[in-house]
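One structure below.
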Number of protein chains: 2
Amino acid sequence: MDHQWTARPKPDRVEWLERRLEFSNYASNRDFLDRLNDFCEQQGRFPDISFGRTYVNITLRSENEGSPISEEDYAFATSIDGLI
Amino acid sequence: MDHQWTARPKPDRVEWLERRLEFSNYASNRDFLDRLNDFCEQQGRFPDISFGRTYVNITLRSENEGSPISEEDYAFATSIDGLI
């Protein structure tokens with residue numbers, strides 16, 4: 001698991017993972033965002049994403065509301081790291 | 001000005017505009033998001049946007065941090081309405 005992801009709300013009770021990515025310019029930001037969207041569409045998995053000109057925040061919740069993050073969720077987060 | 005935008009923090013002191021859009025499916029959500037991104041890129045104007053599978057939230061701040069929303073900002077918001 002890449003340490004860039006933050007486990008929330010608490011390390012011993014993880015219900016979602018968060019990561020913030022910052023890019024040097026809009027073009028790289030938009031390129032990552034488009035590839036992330038394509039990947040999520042392909043996986044049929046839709047994290048909450050917020051972005052501006054040069055940042056992307058990703059919030060990955062468990063697929064079963066309120067249940068803890070699973071190995072599968074961690075694997076999905078690691079796949080997203082592979083898009084950077 | 002389309003009433004769907006909410007003036008924040010207060011109607012008599014507007015520093016940003018917010019709008020939430022919901023779509024019936026992912027495809028329409030993604031289509032709008034891509035057109036919104038293209039339009040923002042074309043205008044060189046980058047609101048804070050958050051989205052999930054079937055929603056898009058747009059937060060439009062004044063271009064000059066802390067100053068009130070201008071007529072130009074309202075016009076930009078109205079142009080975004082035209083993309084829906």
Side-chain angles (χ1 to χ4, degrees), chain A residues 4-6 8-9 14-67 69-70 72-73 75-77 79-80 83-84, chain B residues 4-6 8-9 14-67 69-70 72-73 75-77 79-80 83-84:
Chain A
Q4 306 272 13
W5 289 87
T6 306
R8 301 262 194 223
V14 183
E15 289 182 18
W16 71 89
L17 299 171
E18 282 177 14
R19 180 165 188 181
R20 180 180 179 88
L21 296 150
E22 305 215 357
F23 294 86
S24 53
N25 55 58
Y26 170 77
S28 337
N29 199 66
R30 176 76 190 267
D31 174 61
F32 171 75
L33 192 65
D34 288 344
R35 284 184 296 108
L36 174 61
N37 279 335
D38 292 344
F39 177 69
C40 291
E41 188 169 338
Q42 214 184 61
Q43 301 290 313
R45 180 88 194 260
F46 303 100
D48 292 313
I49 297 169
S50 62
F51 66 96
R53 197 172 73 81
T54 53
Y55 75 87
V56 176
N57 292 325
I58 306 165
T59 302
L60 183 61
R61 294 179 199 286
S62 165
E63 288 234 275
N64 312 312
E65 191 134 356
S67 41
I69 286 284
S70 66
E72 201 190 313
D73 298 322
F76 187 74
S79 306
I80 289 175
L83 300 174
I84 301 165
Chain B
Q4 306 270 14
W5 290 85
T6 306
R8 299 257 194 230
V14 182
E15 289 183 18
W16 71 90
L17 299 171
E18 282 177 13
R19 181 164 188 182
R20 180 180 179 89
L21 296 150
E22 305 213 358
F23 295 87
S24 53
N25 55 57
Y26 171 77
S28 339
N29 198 68
R30 175 77 190 266
D31 174 61
F32 171 75
L33 192 66
D34 287 344
R35 284 184 296 109
L36 174 62
N37 279 337
D38 292 344
F39 177 69
C40 290
E41 189 170 336
Q42 211 185 62
Q43 299 291 313
R45 181 87 193 261
F46 303 99
D48 293 313
I49 297 169
S50 63
F51 66 95
R53 198 172 73 82
T54 54
Y55 75 87
V56 176
N57 291 326
I58 306 164
T59 302
L60 182 61
R61 293 179 200 286
S62 165
E63 288 234 273
N64 311 312
E65 190 131 358
S67 41
I69 286 285
S70 67
E72 201 190 313
D73 298 322
F76 187 74
S79 304
I80 289 176
L83 300 174
I84 302 164

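All of these numbers come straight from a predicted model, not from anything done at the bench. Lettering of chains follows the sequences in order, A, B, ..., and the numbering in each one begins at 1.
- Other residues, nucleotides and ligands contribute at most 12 non-hydrogen atoms within 6.0 Å of the CD atom of B:Glu72.
- Residue with the most contacts toward chain B among A:Leu33, A:Ile49, A:Asp48: A:Ile49 (heavy-atom pairs, distance under 4.5 Å).
- Looking only at side-chain heavy atoms (C-beta outward), B:Phe51 and A:Asn37 come within less than 4.5 Å of each other.
- Within residues 53-63 of chain A, the residues that have a heavy atom under 4.5 Å from a heavy atom of chain B are A:Arg53, A:Tyr55, listed by number.
- B:Asp73 pairs by the side chain to side chain donor-acceptor pair (under 3.5 Å) definition with B:Arg45, B:Ser70, not counting sequence neighbours.
- At a 4.5 Å heavy-atom cutoff, the contact between A:Tyr26 and chain B is made by side-chain atoms alone.
- With sequence neighbours excluded, no residue forms a side chain to side chain donor-acceptor pair (under 3.5 Å) with B:Asn64.
- Applying the salt bridge (charged side-chain N to carboxylate O under 4.0 Å, His left out) criterion to A:Arg30, with sequence neighbours excluded, gives A:Asp34, B:Asp38, B:Glu41.
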